[in-house]
Number of protein chains: 2
Amino acid sequence: MPFTSAGGPPAAKPHRRDQILNAAAGLFARHGFHGVGIDEIGAAVGVSGPALYRHFRNKDAMLSEMLTSVSEHLLEAGQRTVEAAAGDAEAALHRLVRFHVDFALDNPSLISVQARNLANLTEPDQRRVRGLQRRYVEVWVEAIRKVHPDLDEPTARAAAHAVFGLINSTPHSRHLDRDQMAALLYRMAVAAIAAPDLPSARLADDTDLATG
Amino acid sequence: MPFTSAGGPPAAKPHRRDQILNAAAGLFARHGFHGVGIDEIGAAVGVSGPALYRHFRNKDAMLSEMLTSVSEHLLEAGQRTVEAAAGDAEAALHRLVRFHVDFALDNPSLISVQARNLANLTEPDQRRVRGLQRRYVEVWVEAIRKVHPDLDEPTARAAAHAVFGLINSTPHSRHLDRDQMAALLYRMAVAAIAAPDLPSARLADDTDLATG
DNA sequence: CGGGTGTGTTAACGAGCGCTAACCCAGGGG
DNA sequence: CCCCTGGGTTAGCGCTCGTTAACACACCCG
């Protein structure tokens with residue numbers, strides 16, 4: 001279980017492989033996949049350089065495993081979250097938000113890497129990860145449309161992406177403590193999801209928006 | 001004027017330097033700064049390889065100029081947007097949203113690069129860009145707090161970052177046409193900004209959120 | 001006690017890439 | 001007419017970096 005479980009105990013001590021993945025995630029998040037060398041990753045876990053090849057086939061394999069496992073985790077946990085709300089559509093959506101907020105706050109590096117470095121995967125791995133991500137988005141789209149049935153699917157999908165952007169913005173702001181941040185993101189996300197459903201109203205009114 | 005002006009005419013034809021920056025922005029956005037070679041950038045504008053050194057001191061200079069000019073543009077245009085709404089706080093905020101949405105939709109590559117590749121700048125350039133970004137955020141924070149005076153500053157700042165994340169999510173979703181997307185993002189952003197101000201209400205109610 | 005397995009080390013190779021060197025040529029102004 | 005300037009070419013250098021090779025050693029099982 002390589003993901004921090006939001007306040008749980010240190011959970012034994014992850015052994016090498018996971019230790020390496022954690023260090024690599026942090027470095028990839030800060031400097032990008034190509035901006036980090038094998039030696040730096042090794043140094044970050046106290047071994048030096050090529051020792052990593054005892055644990056991974058190559059550098060790509062680290063990124064691959066990292067992104068694959070995070071995508072799998074999000075999908076699986078997302079599905080369970082919805083099921084756990086059995087029937088109550090609104091609760092399902094709100095729990096989904098809650099879950100994603102917690103995950104983003106507890107794993108900012110993984111969020112960054114997944115957002116920024118998908119393109120550095122080999123093509124088959126990329127397809128696999130994209131597939132998992134698509135299915136995760138699908139979970140959200142369904143949850144959103146159950147609460148807001150008059151949203152067409154493309155709009156719901158775009159809204160889901162936008163909410164991910166909102167929640168995943170977390171690596172870029174460290175001004176609030178964790179719980180305040182979680183509460184803020186939760187409220188903003190829920191409000192944003194509800195927005196496209198509202199009466200059109202003030203889209204073109206307050207002053208003339210067409211001319212600069 | 002290197003930025004597409006939201007539907008305007010092709011605007012003469014950008015000369016080399018800008019042409020190169022545009023191509024480089026697209027490539028950096030897709031593959032990351034280190035993932036793109038000089039030769040590829042050259043090829044993208046029809047010249048090959050080292051010809052670029054007639055126009056830029058080195059590869060870093062391209063990224064530097066790209067990010068500096070986009071930050072300057074955002075700050076300056078953001079300030080003008082607020083001034084143009086002279087006095088009307090709500091109009092100012094909504095025009096700010098409108099402006100940022102338009103910019104993000106018209107310059108997705110620049111948005112991506114600015115978000116992903118800040119770390120690849122030399123340290124002095126990085127400071128410069130960060131300074132400009134900070135001042136742009138400040139414009140937003142002031143605008144937000146004029147409309148929602150009971151928000152403390154850190155919260156307003158965090159909210160601003162979150163809204164940037166929401167709006168900047170645009171490179172990742174191409175399901176709607178431009179105008180629908182603009183309208184959607186505008187509504188979601190405005191609703192998200194208003195959210196932290198609302199009565200606490202349903203934060204801990206619907207089903208028990210504490211236990212997983 | 002002795003060898004296999006797992007994990008680490010250092011040295012070195014080879015590819016890729018940023019950048020420079022050296023050369024070329026179109027075109028316009030004295 | 002000539003040369004200067006601006007923008008292009010190809011060849012090649014040197015460094016970085018991913019990866020492999022060869023070796024070392026701790027521990028455990030028979």
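In what follows, every chain begins at residue 1, and chains take the letters A, B, ... in the order their sequences are listed. When reading the values below, keep in mind they use all heavy atoms of this one structure, side chains included, and skip hydrogens, waters and symmetry mates. All values reported here derive from a predicted model rather than from experimental measurement.
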Legend entry - Worked verdict on B:Q180 versus A:T155 for side-chain hydrogen bond (donor to acceptor under 3.5 Å, both in side chains): CA-CA 9 Å; B:Q180 287 179 307; A:T155 300; 5.7 Å; no
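- Between B:Y186 and B:F99, the gap from one ring centroid to the other reaches at least 6.0 Å.
- The pair B:E76-B:R135 fails the salt-bridge criterion, with no side-chain N (NZ, NE, NH1 or NH2) lying under 4.0 Å from an Asp/Glu carboxylate O.
- In the 5' to 3' direction, nucleotides of DNA chain D lying under 4.0 Å from heavy atoms of chain A begin and end at D:dG18 to D:dC23.
- If you check the side chains of B:D125 and B:S64, you find a donor sitting under 3.5 Å from an acceptor.
- Salt bridge absent: A:D152 and A:R145 never bring a charged side-chain N and a carboxylate O closer than 4.0 Å.
- Straight-line distance from the CZ atom of A:R16 to the C1' atom of C:dG6: 12 Å, rounded to whole Å.
- For B:F33 and A:H34, the ring centers sit 6.0 Å or farther from each other.
- Between A:F164 and B:H172, the gap from one ring centroid to the other reaches at least 6.0 Å.
- Classification of B:D102 and B:R95 as a salt-bridged pair fails, no side-chain N sitting under 4.0 Å from a carboxylate O.
- In this structure, NE2 of A:H55 is placed 17 Å from P of C:dT5, rounded to the nearest angstrom.
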Distances under 3.5 Å only, N/O to N/O: pair up the protein atoms with those of nucleotides 17-21 of chain C.
unit_1, atom_1, unit_2, atom_2, d
C:dG18, OP1, B:V36, O, 3.3
C:dG18, OP1, B:K59, NZ, 2.9
C:dG18, OP2, B:I38, N, 2.8
C:dC19, OP2, B:Y53, OH, 2.7
C:dC19, OP2, B:K59, N, 2.9
C:dC19, O5', B:Y53, OH, 3.3

